[in-house]
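Notes to accompany the following structure.
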Amino acid sequence: MLRIEDLTKSFGPNVAVDAANIEVNQPAMIGIIGRSGAGKSTLLRMLNCLTEATSGQIVFDGREITALKGAEKRRWQSACAMIFQQFNLVPRMDVVSNVLHGTLNKRSTMATMFNLFPQEDIHRAIDILDRLGIAEHGPKRAEALSGGQQQRVAIARALMQDPKIILADEPIASLDPMNAQVVMQSLRQIHEEDGRMVIANLHTLDTARRYCDRVIGMRDGRIVFDGTPEQLTTGVARDIYGADDSFSEAATSTEIQTLDRPEAAQVVA
Amino acid sequence: MLRIEDLTKSFGPNVAVDAANIEVNQPAMIGIIGRSGAGKSTLLRMLNCLTEATSGQIVFDGREITALKGAEKRRWQSACAMIFQQFNLVPRMDVVSNVLHGTLNKRSTMATMFNLFPQEDIHRAIDILDRLGIAEHGPKRAEALSGGQQQRVAIARALMQDPKIILADEPIASLDPMNAQVVMQSLRQIHEEDGRMVIANLHTLDTARRYCDRVIGMRDGRIVFDGTPEQLTTGVARDIYGADDSFSEAATSTEIQTLDRPEAAQVVA
Amino acid sequence: MTELTGSVTDFRAEYMAQVRRKRVMNGIILVIFIALMVSGFMIADDRNAGGFWDGLSRFFDFPKEVLGEALGKLDEMPAHFVKFLPSLIETINIAGASTLIGAMSAIVLSLLSTRGMAKWPRMIGFFRRIMDIMRAMPEIVIALVLIFVMGGGPVPAMIAIAFHTAGALGKLFSEVNENASLKPIEGLQSVGATWSQRMWLGVIPQVAPNYFSYALLRFEINIRASAILGFVGAGGIGYELKNAMSWGKGQYDEALAIFILLFATIVIVDQLSSVVRERLTHGKTSATMEKASV
Amino acid sequence: EDITEFRIGLLGGENAQDRMNNNECLRAKTEELLGVPTKLFAPADYNGVIQGLLGGTIDMAWLGASGYAKTYLSDPEAVEPILVKVNVDGGYGYYSVGFARKDAGIEDLEAMKGKVFGFGDPNSTSGFLIPSIEIPEATGSTMTSGDYFGEVKFTGGHEQTIVAVYNGDIDAGVTWADGLGEWEDGYNSGALRRAVDAGLVDMNELVQIWQSKPIPEGPVVLRKDLPEDVKVKFTALMASLPSIDPDCAYGVLAGEAKGLQPIGHDAYEVIIEARKLKSN
Amino acid sequence: MSIAANEGDFLKVQADRHFSRKKMVSFGMPALVLAYLTYIFFSFDIPGLAQRIDADNARSLVADSYSYKTHVTRDNRSGEISAAIEGERKGTYAEGTAPEWVTLGDTETVIDLGDGHVVTFGADNFVSYDVPGYGLITAQPSRAKGVQAVFPTDEVPEWINASKNRMAITTEAGRLTVTRNRTEVFRYFMGWELFFFTLDSPYHGLGFGEVMARALGGEAADVWQDFWTNKMWRHQDVAWAIFETILMAFLGTMGAAIVALPLAFLAAKNFSPFVVVRQVTRRFFDFFRGVDALIWTIILSRAFGPGPLTGALAILITDTGSFGKMFSEALENVDQKQIEGIQSTGAKPLQRYRFGVIPQVTPVLLSQILYYLESNTRSATIIGAITGGGIGLMLTQAIITQKDWEEVSYYIVLIILMVMAMDWFSGWLRRKLIAGDDSGR
Ligand SMILES: Nc1ncnc2c1ncn2[C@@H]1O[C@H](COP(=O)(O)OP(=O)(O)OP(=O)(O)O)[C@@H](O)[C@H]1O
Ligand SMILES: Nc1ncnc2c1ncn2[C@@H]1O[C@H](COP(=O)(O)OP(=O)(O)OP(=O)(O)O)[C@@H](O)[C@H]1O
Ligand SMILES: [Mg+2]
Ligand SMILES: [Mg+2]
């Protein structure tokens with residue numbers, strides 16, 4: 001399905017992503033971990049064509065994504081939804097309108113200019129919101145919602161695009177543990193129920209372990225780990241994060257019950 | 001010296017201070033306690049003539065304070081310094097200037113407008129700051145100081161007024177325990193060394209017990225306790241705070257070592 | 001996630017109704033706006049001597065005529081600049097003095113009409129109305145009346161502009177005052193300070209940078225205003241411009257010289273004031289640090 | 001080609017709405033005659049009307065001689081003079097008169113040396129052009145501030161000049177008068193007379209200090225581009241106005257007049273030359 | 001707690017220096033201001049002005065603004081007598097009628113100025129004025145002999161101004177002017193006469209109740225017509241003029257906003273990748289703003305002639321510059337995240353602007369536009385005075401002719417009310433639109 005070949009991105013002398021190779025053959029839920037500046041966001045942004053690659057290519061179902069331009073590129077973007085850490089909603093617009101933005105690529109420019117969306121789209125948007133448990137907030141402005149609710153609106157917008165892939169760039173980094181759990185569960189559920197591919201940048205190991213089928217570790221732009229959550233031992237994690245022995249996984253955790261979990265204590269030890 | 005007779009203040013139907021009677025015959029350090037809304041601030045503000053009394057009177061050294069107007073009133077205010085919870089300094093002005101504001105009443109309006117303070121005042125201000133241990137911050141802007149330092153500047157301004165009474169409205173409520181201790185000690189020291197009367201609203205029992213010679217308890221505008229710190233038992237405190245049996249003194253404490261103090265445990269019991 | 005299927009249909013209906021309402025409202029607003037614009041344009045076009053579409057082609061006639069003459073006499077330009085410099089200075093002085101006087105009155109007015117600062121709290125409403133009236137008064141009205149009373153010259157213009165400025169700045173200043181902290185004022189009150197001491201030492205230091213920034217912006221506006229008032233007889237560069245312009249051919253070179261002087265002044269003041277204002281409003285933190293580290 | 005609209009420009013000197021009212025009858029008659037909507041425009045100053053004529057947005061106006069000269073100098077093809085007003089005495093001239101306050105002790109130009117002198121509008125014939133040429137001839141020096149007079153300024157118009165002199169803002173000024181009748185009435189017609197009628201000034205307090213040679217009355221002009229038949233029809237209407245509707249003519253011609261008579265460009269050559277002289 | 005003595009001294013010296021610096025500043029600023037104002041005082045010749053200032057003008061202005069005068073005039077050549085309010089043709093009493101304080105007779109007309117002041121027009125141009133407490137003044141103007149005034153005392157008081165050919169008597173009751181050609185009496189009254197109906201209207205002089213009663217009795221249209229077309233106060237024209245002024249402001253402001261919005265994108269750093277385009281657009285904005293509405297008005301009046309459209313276009317051009325600058329600043333401050341969010345769904349560029357940018361900037365733009373709408377109402381008044389249109393022209397002309405001060409004050413009041421109304425309206429609209437704008441709740 002998705003093949004990333006020698007994908008590289010440099011900003012001036014600075015190489016953000018360095019010859020990354022990833023191959024995904026079936027819709028999976030993939031977590032990308034790595035410390036700040038490792039190149040996770042850049043990788044995702046190249047997938048969504050928000051950033052152009054310097055070299056290498058991305059191929060999806062035989063099509064070369066990196067070569068797309070104009071309308072073709074936008075069509076791909078609409079098939080490959082992106083969820084951001086800061087939600088990136090339009091705060092002054094109501095929730096349903098924000099979800100409807102997921103259809104912008106399919107609808108004519110003229111109609112959308114005047115905020116004219118077809119009724120079936122509106123109904124579908126409300127259904128998606130309902131599925132994510134926030135239908136009753138539909139008419140409110142996005143800015144009036146809590147962080148977790150806003151992130152679910154962003155997920156709803158992504159689903160509205162009916163995408164083949166959902167990219168999520170640290171979707172829970174701005175959320176409190178409670179909301180983080182709700183959002184990750186929503187993503188997992190979408191993956192399981194709809195069979196969509198989900199690629200999420202995560203900054204906590206336990207989240208990656210808990211929700212993902214596959215974990216990719218990046219360090220300084222290079223992919224240094226690619227395996228199942230089980231293979232992701234504390235040693236490997238130390239490697240990915242370039243941490244010394246004092247590294248404690250608990251310190252990065254967002255789990256609510258972390259302190260009670262036996263593993264946590266184990267890792268610290 | 002100071003006699004408060006049937007002093008009452010009502011805001012519309014709401015009686016903030018209800019026929020308060022207090023007599024003080026020698027410069028003492030007096031703590032006023034009571035829960036929020038008990039009328040502590042209102043009482044102090046009436047003493048400083050920031051708020052007009054509805055009825056009753058305040059007599060100091062034979063003069064009726066409540067009847068003062070205009071320049072007379074301002075003269076009294078200058079003899080009766082006030083320290084606020086939020087410091088109420090001029091944040092954009094330097095510390096020494098803020099302290100010098102304590103002399104405003106004695107100097108001509110014109111001269112102060114042009115920042116013409118006599119050199120001896122400036123030197124006295126620095127001496128006072130030095131006594132409070134913050135002389136080296138003199139040229140900084142007030143807003144650049146920490147809370148505890150700002151409160152000491154406020155105390156310095158009060159001392160600059162060379163007042164007969166120092167009123168302090170919850171002087172340590174905005175401070176962390178460390179700073180709170182420094183400020184309370186400064187006030188106590190002033191009381192002991194200069195023999196000035198200090199009346200302080202306090203929201204923690206242990207502070208009142210520790211620093212005051214006399215404690216007055218208010219509840220719903222009325223004075224319900226007036227005695228020595230020793231007389232202030234937990235039962236009396238419960239009465240003042242209108243608390244039920246679960247009342248724990250520790251919960252209101254700002255003492256740094258509270259948790260380690262045996263009494264605390266005792267009170268909780 | 002939710003099984004509230006019944007209520008989802010409710011949400012749908014409710015939301016669709018809302019969408020429809022909003023579309024209708026937006027539609028109405030849009031139609032009204034377009035209708036106002038179009039009919040307004042047609043009325044204005046009709047009541048104008050020349051039509052809009054005919055006029056478009058003649059747009060450059062006048063500039064061409066002016067430039068045509070002025071370019072032929074380019075060598076006289078420097079002399080013209082020197083000749084009109086005093087009038088320009090007069091115009092700038094009118095703006096400067098009126099901004100200064102207006103701003104000083106505005107400070108007092110704004111303090112008198114801000115809650116928590118007013119000397120006479122009961123008069124707040126009164127001073128606000130005064131400022132509203134001062135602000136509503138176009139400068140030209142006052143200037144023309146004063147020219148009648150005291151003859152032409154810079155003083156009527158200065159008074160007229162200062163009057164309007166006091167009202168306009170007063171409103172802005174009182175908005176600034178509303179955001180100032182009242183705590184220092186209470187602090188000063190508790191030491192027995194008089195009203196003027198409280199204001200001067202407690203309020204002004206807090207609000208001075210904002211005041212200054214607004215006053216600069218006003219200065220820029222007032223330069224234009226004083227040029228316009230010159231046009232109706234109040235002296236300065238506007239008066240020279242009007243004379244040169246209305247004489248027409250034969251003095252277009254002077255008109256152009258005056259115009260260049262005026263334009264350059266406006267642009268320079270505009271750029272300078274935006275740089276200074278940028279510093280004042282955004283560089284505040286660094287200024288604080290600087291002061292604090294003395 | 002046909003016209004769709006006929007636009008009459010009215011010169012300043014009176015309250016804009018009074019001008020409109022005084023000329024409303026002319027507008028109605030023209031509309032009836034030409035069969036197209038006719039409108040009145042009263043710009044704020046001389047220049048407004050002139051710019052309108054030059055830009056083709058005004059079709060007819062009654063200009064001053066200097067205003068006509070300006071229009072001609074800007075664009076000789078813009079307008080043509082058709083008629084001129086004839087005074088009750090049969091002539092079609094008037095005068096520029098200089099005047100001062102009696103109590104200032106100024107009785108002639110001699111006494112004005114070093115004093116403040118005021119012109120009206122730069123486009124006015126009597127308020128600027130003619131005196132600016134004839135006064136230097138009389139004094140033997142230029143009109144530059146500080147040369148003969150202490151200061152020379154423009155007041156903006158006849159009314160302003162009169163009030164400025166009367167109030168003592170300036171020591172002397174010039175305005176127009178027909179030179180007929182009595183000084184203490186402000187002559188039979190002219191700006192002074194109007195000021196007296198309005199109760200604005202007391203002529204006892206003013207003295208005349210100078211008078212120009214006769215100045216030709218300004219022409220009624222039409223835009224040259226107008227279709228010939230429009231020009232003919234309108235000229236006929238104007239010329240017969242005093243006879244068919246004296247009340248209307250009184251308003252349009254700003255006072256009593258004997259009538260209107262045809263005039264051509266040549267009558268204004270002198271003024272044009274004078275104006276050229278003033279342009280550097 | 002205390003610090004070493006020498007250190008304390010050092011701090012004191014430092015503080016002294018600090019305070020002398022502060023003293024310099026606190027004296028310096030006011031001193032600068034004072035110096036500048038002193039310079040202005042002399043450069044604007046304010047001492048000279050104080051002498052020139054004419055208290056009479058001010059007094060007549062104030063008096064005229066709340067009072068009116070009625071003229072009774074005799075033409076000494078024809079002997080005809082007429083009475084007119086403000087001496088204007090449209091305020092003239094019909095032939096043979098006069099206000100009740102004037103008694104018209106065949107040979108003698110008696111004019112009662114009140115308080116015992118009586119002026120009598122007799123035969124052969126004879127006129128007498130009985131001033132209480134002074135005596136009877138008579139005059140007999142003739143072409144040959146002048147006014148021939150006779151006073152009861154040898155010394156002529158200063159309220160009488162007499163010469164051979166002219167006499168003027170000004171008392172608190174009124175004024176009498178006699179020249180060889182004309183004899184004229186003014187009497188002053190309070191109020192704005194003829195404000196509702198002129199003399200030729202049947203409703204003139206009726207009480208409010210009576211007029212209302214007749215209006216309700218089926219004459220409403222006539223009553224309105226007489227009021228609306230009042231020749232003296234010209235309510236219709238004034239209404240049109242105010243409308244024209246507001247129209248200029250409205251068209252100018254909205255037009256400028258419409259033109260400036262797309263251009264602002266070209267001038268905003270984050271939307272216009274080409275430095276050249278950006279710089280050129282910005283310089284254009286500076287130019288439009290810098291040239292100023294005044295000069296645009298002059299340039300445009302050649303192309304479009306006098307009228308409201310010219311004024312509107314002048315405002316439009318100037319404000320395109322102002323709005324362009326402000327809008328592009330607002331655009332540069334937009335939150336990039338929202339745009340990226342929209343972009344990531346595959347939205348087309350226009351859609352990106354519509355949903356990523358417009359909702360963010362509308363509140364800012366709207367409040368700026370509405371603020372300008374109010375301030376442009378004032379500008380339109382001024383522009384109207386220059387280009388010929390609206391209430392501004394009526395006002396300046398009324399002031400220039402310097403007699404109808406009651407009209408001047410009427411226009412001033414109307415202008416202030418108009419601007420305040422626009423201020424209120426734009427504030428109201430701002431609150432309405434920004435609180436519940438197009439997409440929020
Ligand atoms: N637009 C850009 N211009 C220049 N350098 C950039 C840009 N975007 C990213 N970088 C650099 O590329 C590197 C990788 O950044 P990236 O945002 O992909 O890291 P990340 O793994 O997402 O980190 P984080 O956890 O902080 O989001 C960093 O060194 C960053 O500074
Ligand atoms: N300016 C005012 N207007 C109306 N009511 C007031 C005002 N100031 C105080 N009150 C009321 O008077 C009562 C006493 O208030 P006061 O501030 O004196 O209480 P306090 O004991 O100081 O409480 P806290 O600990 O919260 O400061 C309260 O009910 C308060 O709401
Ligand atoms: Mg990132
Ligand atoms: Mg309190």
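Chain letters run A, B, ... following the sequence lines, proteins first, then strands; residues in each count from 1.
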Notebook entry, point to check: Excluding sequence neighbours, so at least two apart, what forms ring pair (Phe, Tyr, Trp, His ring centres under 6.0 Å) with D/Tyr94?
Noted result: D/Trp176
Notebook entry, point to check: Measuring heavy-atom distances to chain E, does D/Ile58 have an atom under 4.5 Å in its side chain, in its backbone, in both, or in neither?
Noted result: side chain
Margin query: Rounded at 0.5 Å granularity, tell me how far OH in E/Tyr188 sits from CZ in E/Arg175.
Written below: 5.5 Å
Item checked: Under 4.5 Å from a heavy atom of chain D, the part of E/Ala168 involved -> side chain
Notebook entry, point to check: Given the options E/Gly305, E/Gly384, E/Gly389, which has more heavy-atom pairs under 4.5 Å with chain D than any of the others?
Noted result: E/Gly305
Note to self: Quick check for you: among D/Ile50, D/Asn47, D/Leu54, D/Leu53, which has the greatest number of heavy-atom pairs under 4.5 Å with chain E?
What the structure shows: D/Leu54
Checklist line | Side-chain donor or acceptor of E/Asn125 paired with backbone N/O of E/Gln140 under 3.5 Å | finding: no
Checklist line | By ring pair (Phe, Tyr, Trp, His ring centres under 6.0 Å) - contacts of D/Phe234 (at least two apart) | finding: D/Phe6
